[in-house]
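For reference, the structure discussed in these notes is given below.
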Amino acid sequence: MLQPVWEREGSPVNVGRTHRIVPRRTRRLIEDRDRGCTYPGCLTIHHLECHHVTHWADGGPTDMTNLISLCPHHHDRHHTGDYTIHPDPEHPGRFRFATRHGHPIEPLAAPPPPDTAPPPRYTGPTNEILHLDQVRFHRRGSGPLRQ
Ligand SMILES: [Zn+2]
Ligand SMILES: [Zn+2]
């Protein structure tokens, strides 16, 4: 069978069923994407482990869309059957968590502390807000030639 292998800068990223162990590069990309344990509300960002969402033993590939970062605690809890993880069909690379009874696990919607300012708005290098409807982009070479 032909096995597609995605490459990034010459190194395989998605190695499918050829490797169970997640290549270091792939792990970096997963950690970059997830930025911490993906269990809803968990804030752990260190000692992350890569988990096969469709377990390797069940035929799950070592691919970005089947890998997820979990802290050791949540990784253990998943493998002891405390909760399930399913790929989100609407958002490839994102996952849904549910209790063992099938109830979705949502992040605790904690309101931000009252004295926290909202994140500053991106204003660009000149501190002006870019209004895209007021900007026109000219294709290079379409205007009068300047030499
Ligand atoms: Zn696992
Ligand atoms: Zn966690």
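Hydrogens, waters and symmetry mates are skipped; everything else that's a heavy atom, side chains included, is used. Values in this document were obtained by computation on a predicted structure and should not be read as measured data.
No side-chain heavy atom of Glu106 sits less than 4.5 Å from a side-chain heavy atom of Pro40. A heavy-atom distance below 4.5 Å is not found between the side chains of Thr84 and Arg100.
To the nearest 0.5 Å, atom OG of residue Ser69 and atom CD of residue Glu31 are 5.5 Å apart. Distance check: Asp58 CG to His52 NE2 gives 11.0 Å after rounding to the nearest 0.5 Å. Atoms CD1 and CZ, on Ile21 and Arg27 in that order, are 8.5 Å from each other to the nearest 0.5 Å. To the nearest 0.5 Å, the span separating SG on Cys37 from NE2 on His73 amounts to 8.5 Å.
Heavy atoms of other residues, nucleotides or ligands lying less than 6.0 angstrom from CZ of Arg94 number 12 at most.
Within the structure, salt bridge (Lys or Arg N to Asp or Glu O under 4.0 Å) contacts touching residues 71-81 (residues at least two apart or in different chains) are Arg77-Asp82. Pairs of residues two or more places apart, or lying in two chains, never qualify as salt bridge (Lys or Arg N to Asp or Glu O under 4.0 Å) while including a residue from residues 34-52.
The aromatic ring centres of His51 and His79 sit less than 6.0 Å apart.
Within the hydrophobic cluster formed by Ile, Leu, Val, Met, Phe, Trp and Tyr side chains joined at under 4.5 Å, directly or through other members, Leu70 is accompanied by Tyr39, Val53, Ile68, Tyr83, Ile85, Phe95, Phe97, Ile105.
There is a side-chain donor-acceptor pair under 3.5 Å between His55 and His78.
Remark: the backbone N or O of Glu90 is paired with a side-chain donor or acceptor of Asp88 at under 3.5 angstrom.
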Tell me, with the steps shown, if Thr62 and Asn14 meet side-chain contact (heavy atoms from CB on, under 4.5 Å).
CA-CA 6 Å; Thr62 301; Asn14 293 333; over 6 Å; no
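Listed by chain and residue number, Arg28 satisfy the salt bridge (Lys or Arg N to Asp or Glu O under 4.0 Å) test with Asp32 (two or more places apart in sequence, or in another chain). For the side chain to side chain contact (heavy atoms under 4.5 Å, CB included) test, no residue two or more places apart in sequence or in another chain qualifies with His46. For His47, the side chain to side chain contact (heavy atoms under 4.5 Å, CB included) partners at least two apart in sequence or on another chain are Pro72.
Follow the hydrophobic side-chain contacts under 4.5 Å out from Trp56 and you never reach Val15; the two are in separate clusters.
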